[in-house]
Amino acid sequence: MKVCTTVQEMRKVRAAFGTVGFVPTMGFLHEGHLSLVRKAKAENDAVIVSLFVNPIQFGSPDDLANYPRAIEQDKALLAREGVDMVFIPEVSELYPSGFATSVEVKDVALKMEGASRPGHFAGVATVLTKFFNIIAPQKAYFGQKDAQQCAVIKRFVQDLDISVEIKTMPTWREEDGLAYSSRNARLTAAERAKAPALYKALCVAQTLVHGGERSRAVLEAAMKQVLLEAGLSEIDYATIVNPETFEPEEQITGNALALLAVHLGAVRLIDNLPLLP
Ligand code: PAF
């Protein structure tokens with residue numbers, strides 16, 4: 001497995017590959033990331049993974065500083081998966097002095113996560129536009145846990161005529177339902193014990209919908225009750241949205257997504273579940 005740290009070297013090495021499947025990550029890899037890598041490996045001649053904690057998508061300096069990192073462990077995991085190349089640029093390599101460009105997505109990027117974390121999706125869209133330009137992958141792989149991120153990426157890729165196919169893969173969950181996330185490592189034992197309530201709340205909404213319930217107010221109340229009963233009172237949002245626009249849906253008509261963001265101490269977790277098959 002080759003490791004590249006500069007844009008120039010990355011472009012040169014990539015030119016030797018045929019079709020490339022790209023898995024962008026911020027490192028501290030877990031099973032969810034590895035499932036993307038395996039899919040990319042099955043569908044392309046070569047797989048490139050980036051390990052880059054992108055500072056411009058973090059709102060708070062503390063969140064950036066506390067984001068878990070384990071580069072050597074990540075490299076070992078990726079080598080074991082047969083990844084062809086890992087791209088690990090320094091911040092100054094991607095954002096040299098004088099860098100002054102931002103890819104701003106409107107509409108879908110301004111709701112929910114976009115409203116709670118202003119600037120977050122511009123940071124994601126900017127770094128991915130750079131990666132797509134540098135690596136020129138045929139396909140790029142993302143987890144459905146970040147459902148709104150997937151919708152934002154599909155939007156700017158289409159709007160900017162970027163030639164890459166965006167593939168989204170189902171959320172990987174621990175046995176108790178907690179979605180894999182690099183942030184889970186920062187939960188205390190007590191917080192980790194409460195965290196499965198996120199998935200439980202989503203499942204309660206799904207069960208109600210399968211039973212015929214269609215009202216957002218009823219579904220929101222049911223999700224919040226599960227969270228509160230588990231001792232999770234710092235609810236950023238727990239709601240039902242259209243999966244393409246991320247507009248809240250008063251009455252569920254077609255596809256709808258139950259979506260939530262909850263603070264557990266210093267950690268903010270998100271999760272989602274489609275409500276109709
Ligand atoms: O989902 C992530 O880990 C990040 O937002 C991404 C896509 C790697 C961009 O920094």
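For ligands, and for the atoms within them, numbers begin at 1 and follow the listed sequence. Since the structure is predicted, the reported quantities are computational estimates derived from the model, not experimental observations.
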Is [Y] paired with [X] through a side-chain N to carboxylate O contact shorter than 4.0 Å?
X    : Y    : result
E249 : R214 : no
K75  : E72  : yes
D236 : R117 : no
K106 : D159 : no

Tabulating one pair per line, provide the atom names and distances (0.1 Å) for every N/O atom of ligand 1 that is less than 3.5 Å from a protein N/O atom.
unit_1, atom_1, unit_2, atom_2, d
ligand 1, 1 (O), Q149, NE2, 2.9
ligand 1, 5 (O), Q57, NE2, 2.9
ligand 1, 5 (O), Q149, OE1, 2.7
ligand 1, 10 (O), Q57, OE1, 2.6

For Y237, which of E113, E220, K224 qualifies under side-chain contact (heavy atoms from CB on, under 4.5 Å)?
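Exactly one candidate clears the test, E113.
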
*To which residues is W172 joined in a hydrophobic cluster, defined by side-chain heavy-atom contacts under 4.5 Å among Ile, Leu, Val, Met, Phe, Trp and Tyr, whether direct or through other members?*
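Taking Ile, Leu, Val, Met, Phe, Trp and Tyr as members, W172 shares its hydrophobic cluster with Y180.
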
